[in-house]
Novice: 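Dropping the structure in here first, questions after.
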Number of protein chains: 2
Amino acid sequence: MPVKEWLPAIARASAVDRKLEAGEMLFRLGDKAAALYEIVAGRVRLSRVDRAGNEIILYVAGAGETIAEASLFSATYHCDAVASSDSLVRGYSKSAVLAAFEKDPKAAQAFGAMLARQVMSLRTRLEQRNIRSARERIRHYLAVNVGADGRTVAPAGTLKDVAAELGLTHEALYRTLAALERAGEIKRGAGKIVLARRARI
Amino acid sequence: MPVKEWLPAIARASAVDRKLEAGEMLFRLGDKAAALYEIVAGRVRLSRVDRAGNEIILYVAGAGETIAEASLFSATYHCDAVASSDSLVRGYSKSAVLAAFEKDPKAAQAFGAMLARQVMSLRTRLEQRNIRSARERIRHYLAVNVGADGRTVAPAGTLKDVAAELGLTHEALYRTLAALERAGEIKRGAGKIVLARRARI
DNA sequence: CGGCGTTTTGAGAGAGCTCAACATCGGTGG
DNA sequence: CCACCGATGTTGAGCTCTCTCAAAACGCCG
């Protein structure tokens, strides 16, 4: 959900871009929460360090994602943010965002709607991971992500990205897609997968 | 996150309890979105039916969870909700909730904060599922869920519930916990797990 | 053309799942 | 008070499936 769709222009005007080299820290646990960030390019991981000194990864955000939304409601950050690769992030000042929400309740509502949709989507992805079989997991993914025609799935990135989202190795995904195609369940085209119309089980 | 902590009393006054028998529908895709629901007891699954007639499960909500938050921002429901077991749900009228938010911006903010925290928590659980090894997954779970003392983990439900949250069979969880205890990494007590203080890797 | 990332297929091993049996605990009722 | 019952907790053994490691074809871009 692009920032543009839920954050009013007046708050987007506060945007500050920042380049991060791999390993560079964006913010630390305990720092004053000053902004939320959109990952423009690269990857940023959110983590905490346990008392034994191990880094516990809470999430790895990729391009297009937003992190530290909760910082709007907290005085300090609750984890570290470190660039996992060379990255470009765009920070939106917390005060500017909150001011925009105060001035324009519609904007606050759009923010709430974005979060609610994200909760839904994350819950679905979590449910997907409860499916152990690669074949069933992929079927679930296809069923959830069909387009308006109910038969075509057009993944955003590469199949490797899809494999990562599914929590499968890319080999397992390729193999299983090939098997599904052999079985006549799907057909594959350039950057898309078309489901065959037929019931199962 | 209990409803009480983010929904003002005036909106909670609109609550309507409803008993559902296993298999009974709470709402259907396309129905007018009239309320969001708290699961008081039992389990309710959110699902969609694909054109082949298969039920695609989007999420299974248990006691204490809230569903259909996004219905606040939508005219209709976007999936079906069916009781998976005999259940008790509490519906909060959408109009009452929205009215409360309009009257009291603090309440709207609390709602946003709750959603943002939930996104965080779901992202972490998703990240956890990227860890394939049962042992490492459990270590991650323990590290993320330590209490204030940094050493004690007190799961809410049974170990079977923990296994479900971790996406492991309960056998795998029992075995691995036993192995961790043998290895001296943890100690187990009544309803709690205590981490030994020591670095690893 | 050369290099890099994606896509694809192969073979083998290991980890967790499945099925099974049993122990334990809390509650229920005779 | 004890027997019974269901759910949780625990351990064993085998097997399947995915992961891992490897190699190669393919497509794209400089």
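Every chain is numbered from 1, with letters handed out A, B, ... down the list of sequences.
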Novice: Round to a whole Å and report the spacing from CZ of B:Arg132 to C1' of C:dC17.
Specialist: 16 Å
Novice: Rounded off to whole Å, could you give me the CZ-to-C1' distance for the B:Arg135 and C:dC17 pair?
Specialist: 18 Å
Novice: Kindly say whether B:Gly62 contributes a backbone atom to a donor-acceptor pair with the side chain of B:Glu65 at under 3.5 angstrom?
Specialist: yes
Novice: Taking everything shown except B:Arg28 itself, do over 12 heavy atoms lie less than 6.0 Å from its CZ?
Specialist: no
Novice: Can you list, in residue-number order, the parts of residues 154-169 of chain A that come under 4.0 Å of DNA chain C, counting heavy atoms only?
Specialist: A:Thr158, A:Leu159, A:Lys160
Novice: For A:Glu24, is there an ion pair with A:Lys19 - N to carboxylate O distance below 4.0 angstrom?
Specialist: no
Novice: At a heavy-atom distance below 4.0 Å, which nucleotide of DNA chain D is the first touched by chain B, and which is the last?
Specialist: D:dT8 to D:dC19
Novice: Measure the distance from CD1 on B:Ile131 to P on C:dG16 and round it to the nearest whole Å.
Specialist: 12 Å
Novice: Let me know the distance between CD of B:Glu171 and P of C:dA20, rounded to the nearest Å.
Specialist: 12 Å
Novice: I'd like to check A:Thr76 versus A:Asp31 (side-chain heavy atoms, cut-off strictly below 4.5 Å). Are they in contact?
Specialist: no
Novice: Does B:Arg137 reach a base, just sugar-phosphate, or nothing at all? Heavy atoms under 4.0 Å.
Specialist: nothing
Novice: Mind calculating the distance between CZ (A:Arg188) and P (C:dT7) to the nearest angstrom?
Specialist: 8 Å
Novice: Counting distance alone, no hydrogens or angles: does the base of C:dT18 have a donor or acceptor under 3.5 Å from a partner atom on the side chain of B:Arg175?
Specialist: yes
Novice: Starting at the 5' end of DNA chain C, which residue's closest nucleotide do you reach first, B:His170 or B:Thr176?
Specialist: B:Thr176
Novice: Are A:Tyr37 and A:Tyr92 an aromatic pair, judged by ring center distance below 6.0 Å?
Specialist: no
